[in-house]
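Note sheet for the following structure.
Order of the sequence lines fixes the chain letters, A, B, ..., with proteins taken first and strands second; residue numbering starts at 1 for each chain.
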Amino acid sequence: MGHATSSDPNIFILPDLGEGVHEAELIAWKVAVGDTVEEHQTLAEMETDKALVEVPSPRAGVIASLNGREGEICKVGDVLVTYEGASNGAAPSPNARDERSESRDSSALPEAEREDAGTVVGSVSNDPIMPSQGGKALATPAVRRLARDLGVNIDSIAGTGLAGRVTEKDVRAASNGAPGAPASAPPPSPSGRGPGRGATATLAPSQPAPTYSPPPSLPAPAAGQTQRIPFRGTRRTIAARLRQSIDTAVHFTVMDEADVSALDALRKQTAAASGESVSFLPFVISAICRAVKHFPALNATVDEAAQEILRHPSVHMGIATDTEHGLNVPVIPDADALGVLEIGRHVAQLAQMARDRSIPRERLMGSTITISNVGSYAGRFATPVINIPEVAILAVGRVREGVVVRNGGLHVGKLMPLSLACDHRVVDGAEAARCLALIVELLQSPEQLLAPARR
Amino acid sequence: MPIKVAYQATIEYMQILDEQGGLDAKLARDTLTDDQVVMLYEHMSMCRRLDEIAFKLQRSGRLGTYPQNMGQEAIASVALAARPQDWMVPCYRENAALYLHGLPPEMILLHWMGDERGNQIPEGLNITPMSIPIGSHMLHAAGIGWAARIRGDDQVAFTFFGDGATSEGDFHEACNFAGVMHAPVVFICQNNQWAISTPRSKQTRSETFAQKGIAYGLKVRQVDGNDIFAIFRAAREAVADALKGQPTMIETLTYRLGDHTTADDARRYRDPAELEAARKRDPLIRTRKYLESKDLWSADQEEAMIERNKAQVDDIVARATNIEKPKTTDIFDAMFATIPPELARQRDTMQTNSLGQFPQQETLRRGATAHSPTQSPAHA
Ligand SMILES: Cc1ncc(C[n+]2csc(CCOP(=O)(O)OP(=O)(O)O)c2C)c(N)n1
Ligand SMILES: [Mg+2]
């Protein structure tokens with residue numbers, strides 16, 4: 001059979017939930033330790049990179065242990081659930097990590113089952129170091145290595161682990177000359193993660209390590225300092241998208257400042273006349289909408305599959321929005337058909353929806369270009385990451401007072417830093433620079449921005 | 001000279017049992033008997049249960065990738081129109097028809113467990129193994145039909161495929177071949193509206209899939225694919241035509257209620273409203289409504305059947321899982337009646353450090369009993 005199942009009926013290892021799936025995020029347990037479950041009853045909800053799936057129980061029984069916390073990424077092949085039962089006369093070891101390694105390690109299985117294990121992992125090559133089965137101890141490769149390192153003959157140890165497996169503790173005890181006596185085991189290092197202990201020691205050296213663990217020679221951080229946060233959910237989605245953008249688009253950024261003194265005055269005037277608060281942002285959006293009419297290469301998306309650049313007649317403005325739940329890019333559709341006040345209302349509405357997480361799905365899709373307000377707190381210029389499949393993003397820095405040279409004289413004006421990043425595969429350098437110049441020019445003579453760019 | 005019409009065609013659509021369980025009595029005449037409808041309903045319900053359990057077996061690591069058949073069970077009706085000697089040349093979404101034609105259900109589970117024994121169709125059953133490469137098997141059906149015609153055998157080949165498969169060249173070759181050779185073949189296109197994530201609208205610009213058969217001289221039909229009466233009637237007429245040398249293509253309009261396979265998540269590309277609407281056209285629902293309206297089915301019967309199905313499916317699963325585990329060396333046994341020497345050498349040395357080398361050179365793995373070439377004749 002092409003799927004990994006444990007030979008121990010009391011152990012359920014996480015199977016490939018799709019096709020070629022290697023891991024899944026544990027979303028929620030649907031049962032608790034001690035529960036009696038039926039065959040096919042849902043044990044957990046998990047999310048693979050393809051789907052949210054329910055994991056059913058392979059058998060009826062009583063849950064002995066659930067391995068994994070909600071939010072944790074579980075590897076296919078790891079022990080997910082154990083059942084109560086007297087299989088092989090041993091209770092499952094409480095150390096989930098140990099079991100994980102053991103269940104994946106075909107050498108720990110009785111010889112009769114090993115041939116099948118060979119078909120499961122698609123490898124029938126034999127490890128010449130392994131001694132023959134007669135009187136051979138059951139142990140994970142990591143424990144075997146520890147035994148070798150400590151000069152202990154592992155086959156002479158009576159294992160205390162699951163199904164008589166020799167555990168790390170057994171090896172250490174034997175090395176101290178007192179088999180099985182915990183008192184004579186070397187004291188654990190203060191962090192509990194010193195050399196040879198913890199996750200590092202139980203990772204099988206011949207297997208690809210499921211996660212990175214510091215090599216034992218590195219000083220382990222003192223307990224209580226490092227916080228381990230599961231890399232999951234929105235954070236992981238954001239990470240994947242950003243990685244994809246950097247791997248796909250050829251980023252370059254042009255930067256300039258606009259003297260927005262006149263715009264500042266206009267914005268206050270507009271606010272006073274309309275009774276609404278009006279920020280710079282709607283004006284910048286309006287300027288982008290206008291500028292890309294002259295530089296359509298920037299209001300485009302790339303269809304990688306079809307190897308086509310799609311130039312869009314309308315501007316659907318993505319607004320990179322920082323929320324406590326992570327980065328969002330809600331969209332103002334047809335922003336080029338809106339006046340500044342309307343754009344302002346959209347911005348305010350989206351900001352509110354982003355905060356209470358009520359942005360409908362369709363408002364998170366379909367943008368053709370993105371603006372990012374990076375300078376609310378600090379920061380002038382930036383090298384923003386393109387929201388692929390788009391090809392351009394404008395980062396707006398914090399407006400500050402600065403010296404402006406006009407007609408040979410020095411003036412104090414309001415300066416807005418602008419950083420325009422483009423995908424060089426689609427947009428030429430000169431094109432980006434000229435587009436940014438036009439945006440600057442529009443912001444410096446802002447009256448025309450009040451009306452929609454497209455009518 | 002005026003322009004004349006060189007060819008004109010129409011495509012008939014047939015529905016006999018509607019979504020509410022209402023029957024067109026005239027069209028239904030001489031089709032399914034009451035007993036047959038009850039039997040089909042029970043059979044389709046059992047198939048649904050088995051399908052659900054197969055899905056769960058995959059999710060708990062006991063089955064490989066599995067394509068659910070859910071929603072397409074009415075295809076079973078074809079097997080009632082077929083005669084025992086007729087051939088079934090399937091892909092993977094007509095399990096219900098295969099079981100009814102005699103295939104032991106555990107074989108489909110074994111197939112998806114990656115066990116070759118799931119493809120070793122029992123002698124005497126005219127069913128070919130499921131074909132996963134889209135389209136390839138329609139050609140086999142054309143060949144089987146042609147062979148039957150040449151030999152004068154009283155046989156028809158039914159072949160099943162999806163809407164997406166009609167975009168494969170093999171489909172067109174098979175239709176052309178059957179058409180021009182007057183081969184007794186019935187092409188059944190289960191149009192379930194999707195080919196993985198490709199919707200019907202992106203699959204073809206044709207108004208129907210059936211009309212593709214016209215180009216090759218096939219008789220074509222479009223039927224409600226969730227209607228056991230319409231499928232039965234169309235299939236039975238197709239058998240009669242096939243035996244006269246006229247192949248048919250039947251397009252069954254149905255819907256894939258599940259994901260494409262267990263490796264897919266259709267929620268990513270399918271409108272939930274579309275799915276909801278399709279659920280209302282479920283073949284089980286309308287068949288049950290019909291039976292109830294004719295007092296042929298009761299809540300008690302339903303309850304008893306559910307229990308029966310559970311037990312039966314458990315039994316099928318047990319037969320698939322309790323089978324002796326395949327051996328690694330089995331992979332050498334399926335292809336050749338007499339194994340060639342190079343393969344025999346690989347088989348005998350595969351568990352050593354010297355794969356493919358001559359036995360004299362190998363360091364035999366401790367404890368592993370290598371096959372001796374003379375000792376283990378391949379079972380063909
Ligand atoms: C020759 C070939 N190409 C591609 C695939 C991958 N594939 C598997 S199923 C499928 C879609 C088939 O759609 P359809 O014919 O409508 O059948 P359905 O799955 O909807 O029943 C594809 C493209 C394949 N199996 N074989
Ligand atoms: Mg289809």
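- Around the CE atom of B/Met335, the shell of radius 6.0 Å holds no more than 12 heavy atoms that belong to other residues, nucleotides or ligands.
- The structure places CD of A/Glu39 at 4.5 Å from CZ of B/Arg62, a figure rounded to the nearest 0.5 Å.
- By a heavy-atom distance cut of under 4.5 Å, B/Thr262, B/Ala263, B/Asp265, B/Arg267, B/Arg268 are the residues of residues 261-271 of chain B near chain A, going up by number.
- Annotation: A/Glu38, atom CD; neighbour count of heavy atoms from other residues, nucleotides and ligands within 6.0 Å does not exceed 12.
- Counting heavy-atom neighbours within 6.0 Å of B/Glu276 CD, excluding the residue itself, gives a total above 12.
- B/Pro133 is linked by a side chain to side chain contact (heavy atoms under 4.5 Å, CB included) to B/Ser131, B/Ser136, counting only residues two or more places apart in sequence or in another chain.
- Atom OG1 of A/Thr42 sits about 5.0 Å away from atom NZ of B/Lys56, to the nearest 0.5 Å.
- Heavy-atom neighbours of chain B within the stretch residues 52-63 of chain A, taken at a separation under 4.5 angstrom, comprise A/Leu52, A/Val53, A/Glu54, A/Val55, A/Pro56, A/Ser57, A/Pro58.
- Distance check: B/Ser60 OG to A/Leu17 CG gives 9.5 Å after rounding to the nearest 0.5 Å.
- A/Asp16 approaches B/Gln58 most closely through the heavy-atom pair O-NE2, 3.2 Å.
- Across all their heavy atoms, B/Gly61 and A/Pro15 have their closest contact at CA-CB, 3.2 Å.
- Contacts of B/Asp314 classified as side chain to side chain contact (heavy atoms under 4.5 Å, CB included), with partners at least two apart in sequence or in another chain: none.
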